[in-house]
Each structure stands twice: as C-alpha cells, then as structure tokens.
Number of protein chains: 2
Amino acid sequence: MSEQAPKSAAEATPKRNTWQKDAVRHALSEATGFVSAQQLHSVLRNHGSTIGLATVYRTLTDLIKSGDADSLQSQEGELLYRACGTAHHHHLICRVCGRTVEIEADKVESWAENVAKEHGFSNTSHTIDIFGTCSACLS
Amino acid sequence: MSEQAPKSAAEATPKRNTWQKDAVRHALSEATGFVSAQQLHSVLRNHGSTIGLATVYRTLTDLIKSGDADSLQSQEGELLYRACGTAHHHHLICRVCGRTVEIEADKVESWAENVAKEHGFSNTSHTIDIFGTCSACLS
DNA sequence: ACCGTATTGACTATCATTATCAATAAGGTA
DNA sequence: TACCTTATTGATAATGATAGTCAATACGGT
C-alpha cells in the first residue's frame with residue numbers, strides 16, 4: 001500500500017535459470033496440441049526427470065504470464081497449455097482425439113473488439129474456441 | 001453390463017416436481033447475469049430455504065441438460081449459470097462488476113460453422129465470450 | 001390414506017490447483 | 001575458487017468446486 005523500491009520498468013523478479021524450467025519449456029514445445037499440467041508432469045517423470053508437480057504448475061503459470069504459452073480450459077474444467085508464438089489466434093479442437101487446428105480470425109478479432117466498443121467496454125479480451133468431431137474420428 | 005429394461009425412446013427419467021427444483025429455477029431467473037452454484041445456494045439459504053448444496057448442483061445440471069439454462073466457466077475455473085431462453089447467444093462480460101450483455105452474433109455463428117467445416121469437422125459447438133471493463137467501471 | 005420409488009440432504013470422495021516451508025542451488029562477489 | 005544471499009524447488013498439506021453415497025423423505029398415481 002506504499003511506494004517502496006522504485007523498481008525500474010517491469011523489472012521486479014530476478015529470475016534464475018534452472019533445468020526444471022527448461023524441461024517444462026521443452027516438454028511443452030514437444031507436445032502436439034494442448035496438454036494439461038499433470039500430463040506434462042507425467043511425461044517428464046517417465047523420461048526420468050524428478051521434477052515436482054508444483055514446479056510444473058509454477059513454470060506453466062510463468063510461461064502464460066510472459067506470453068510464451070497459451071492456455072484454455074477443457075470442457076471438464078481442466079486447464080490445458082500449449083507452447084505459443086506471439087501471434088494471437090484461436091483453436092479448433094476435436095472432441096474425440098484432441099487434434100488441434102490453429103485458426104487465424106482477423107474478422108472475428110475485430111468483430112469482438114467492435115462489439116465491446118459499441119457497448120462501452122474497453123480493455124477487452126476474448127475467448128473463442130470451436131469444438132467438433134474431426135473427419136478421422138467421424139466413422 | 002447387460003441389457004435390462006428396454007427404455008422406450010429417450011424416456012428414462014420420470015421427473016417429479018419438488019419445491020427445491022422450483023426454488024433453484026426461480027432463484028436463477030431472479031439473478032442478473034451469471035451466478036455460481038454456491039452463490040445460488042447461499043442466496044436460497046439466506047432466504048430461509050433449507051435446500052442442500054448437492055441438490056442445487058443436481059438441479060442446475062439438469063437445467064443445462066434440458067436447455068433451460070446456460071453455463072460458462074469463469075476465468076477462475078468456476079462454473080457459472082444463467083437462466084436462458086432458447087436462442088443461442090454469447091456474452092460480453094465486465095471483468096470488474098460482472099455486468100453481462102447478451103450478444104447476438106449470427107455472423108460469428110456461421111463463421112465458426114464454416115471454419116469447422118473447412119477443416120472437416122462436424123457436429124460443432126463453440127465458446128465465444130468477450131471480457132472487458134465496462135464504462136461504469138472505467139474510472 | 002397408501003405405497004413404490006424418485007429425490008433430497010448431510011456427508012464423504014475426488015480431482016485440479018495453490019500454499020507452505022525447509023532444503024537446495026543459481027549466480028554474483030571477495 | 002570458496003562463500004553468501006536468496007530465488008527456486010519438491011513433498012505434502014490445504015483449498016475449493018463438484019460428484020458420489022445412502023438412509024430418510026415426500027411426490028403422485030391408485
């Protein structure tokens with residue numbers, strides 16, 4: 001509630017590099033589509049890592065904050081993560097096999113922005129995800 | 001694991017009417033915007049009802065299944081419910097005060113459908129929600 | 001009024017995620 | 001290189017939302 005250290009710019013957390021963070025980053029980038037924190041943890045353990053579950057969660061949260069990862073909630077309420085470039089995009093997800101297709105949706109992007117503006121909302125963000133059954137899983 | 005009663009058509013649950021179900025339905029329709037199951041339960045209790053939490057969850061789940069209510073997940077992962085007419089629509093939600101505006105989005109509706117089709121997905125559904133800060137909460 | 005059973009409610013179980021805290025190690029310094 | 005400060009880790013407990021259990025209750029047809 002008071003002015004303390006005049007932290008220069010957005011520099012407040014003197015991060016350290018650890019093999020754990022690299023491991024999570026790497027495992028996430030290897031994964032295809034979205035993975036849950038628990039899945040990532042299992043995978044890492046199966047590969048011989050001794051990383052802790054809490055650390056996986058922590059690292060994932062950091063990656064989201066830094067914009068290096070993307071997350072969405074599965075319909076069962078589980079949080080799913082995905083390594084992510086810088087571009088903002090959405091996903092088309094197969095309900096059966098989990099296959100994910102990235103969608104670029106400039107139109108919808110601006111539509112969302114406009115709708116919000118029309119109603120006097122600012123500082124907007126949105127959630128757009130499409131679920132369906134992919135052709136391979138249809139049979 | 002075996003064939004038992006050959007339940008005729010989709011008629012398997014001979015619902016009964018109880019004051020509890022009415023209470024939930026009513027409380028839900030009174031609520032403005034989205035409410036969580038726990039909130040509804042509190043409200044009902046505060047109004048003197050002795051309804052159980054489990055019953056609130058059960059009724060809400062039934063309302064969703066029967067299409068009489070709508071649900072979405074808050075960004076904290078909590079499920080929020082809302083009494084809902086038949087029309088499919090989306091929401092613009094104020095991050096600060098929770099005010100909700102219904103959006104009709106035919107364009108986006110069909111866009112989602114098309115994108116899915118283009119990628120060979122069928123039986124699609126989607127999640128589209130816009131979050132922002134409403135004008136009243138801006139100051 | 002009576003009876004069969006769907007429904008209730010208190011409680012427990014589950015499951016994902018977060019908080020706790022002592023032990024460890026990253027990385028700057030003498 | 002040895003040392004020291006403290007960010008980070010990991011095992012585990014805590015939390016919080018939701019689902020399951022089961023005996024007691026009450027709906028609704030007779």
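Below, chains carry the letters A, B, ... as their sequence lines are ordered, and counting in each starts from 1. Excluded from the calculations below are hydrogen atoms, water molecules and symmetry mates; all remaining heavy atoms, backbone and side chain alike, are included.
- Using a 4.0 Å heavy-atom distance criterion, B:Thr18 is classed as a sugar-phosphate-only contact.
- Side-chain proximity of B:Arg16 to the nucleotides C:dT17, D:dG10, D:dC27 is greatest for D:dC27.
- Rounded to whole Å, the distance from NZ on A:Lys21 to C1' on D:dA7 is 8 Å.
- Side-chain proximity of A:Glu78 to the nucleotides C:dA25, D:dG28, C:dA16 is greatest for C:dA16.
- Atom-to-atom, CD1 of B:Ile64 to C1' of D:dT18 comes out at 14 Å; the value is rounded to the nearest Å.
- Between B:Tyr81 and A:His41, the residue whose closest nucleotide on DNA chain D is further toward the 5' end is A:His41.
- B:Gln20 has no side-chain polar atom (N or O) that falls below the 4.0 Å cut-off from OP1 or OP2 of C:dT7.
- Between the C1' atom of D:dT8 and the CG atom of A:Asp62 lies a distance of 11 Å, rounded to the nearest Å.
- Across the protein-nucleic acid pair, A:Gln73 atom CD and C:dC15 atom P stand 18 Å apart, rounded to whole Å.
- B:Arg58 contributes a side-chain N or O that forms a donor-acceptor pair with the base of C:dG9 under 3.5 Å.
- At whole-Å resolution of the value, CG in A:Leu53 and P in D:dA11 are 10 Å apart.
- Rounded to an integer number of Å, the gap from CG of A:Asp22 to P of C:dA25 is 16 Å.
- Atom CD in A:Gln39 sits about 14 Å away from atom C1' in C:dC15, given to the nearest Å.
- If you find the closest nucleotide of DNA chain D to B:Trp19 and to B:Thr61, the one lying nearer the 5' end belongs to B:Thr61.
- With rounding to the nearest 0.5 angstrom, the CD atom of B:Glu113 is 11.5 Å from the CD atom of B:Glu118.
- Backbone-only contact: B:Thr50 has heavy atoms under 4.0 Å from sugar-phosphate atoms and none from a base.
- Comparing A:Ala54 and A:Gln38 by the nucleotide of DNA chain C that holds the closest heavy atom to each, the one mapping nearer the 5' end is A:Gln38.
- Taken to the nearest 0.5 Å, the CG atom of A:Leu40 stands 10.5 Å off from the CG atom of A:Leu53.
- Remark: the backbone N or O of A:Gln38 is paired with a side-chain donor or acceptor of A:Ser42 at under 3.5 angstrom.
- Within the structure, every side-chain polar atom (N or O) of A:Tyr57 is placed at least 4.0 Å from both OP1 and OP2 of C:dT18.
- Judged purely by atom type and a 3.5 angstrom limit, B:Arg82 has no side-chain atom pairing as donor or acceptor with the backbone of B:Val35.
- In this structure, B:Leu79 atom CG and C:dT17 atom P are separated by 14 Å, rounded to whole Å.
- Residues A:Tyr57 and A:His41 place their aromatic rings such that the two centres sit no closer than 6.0 Å.
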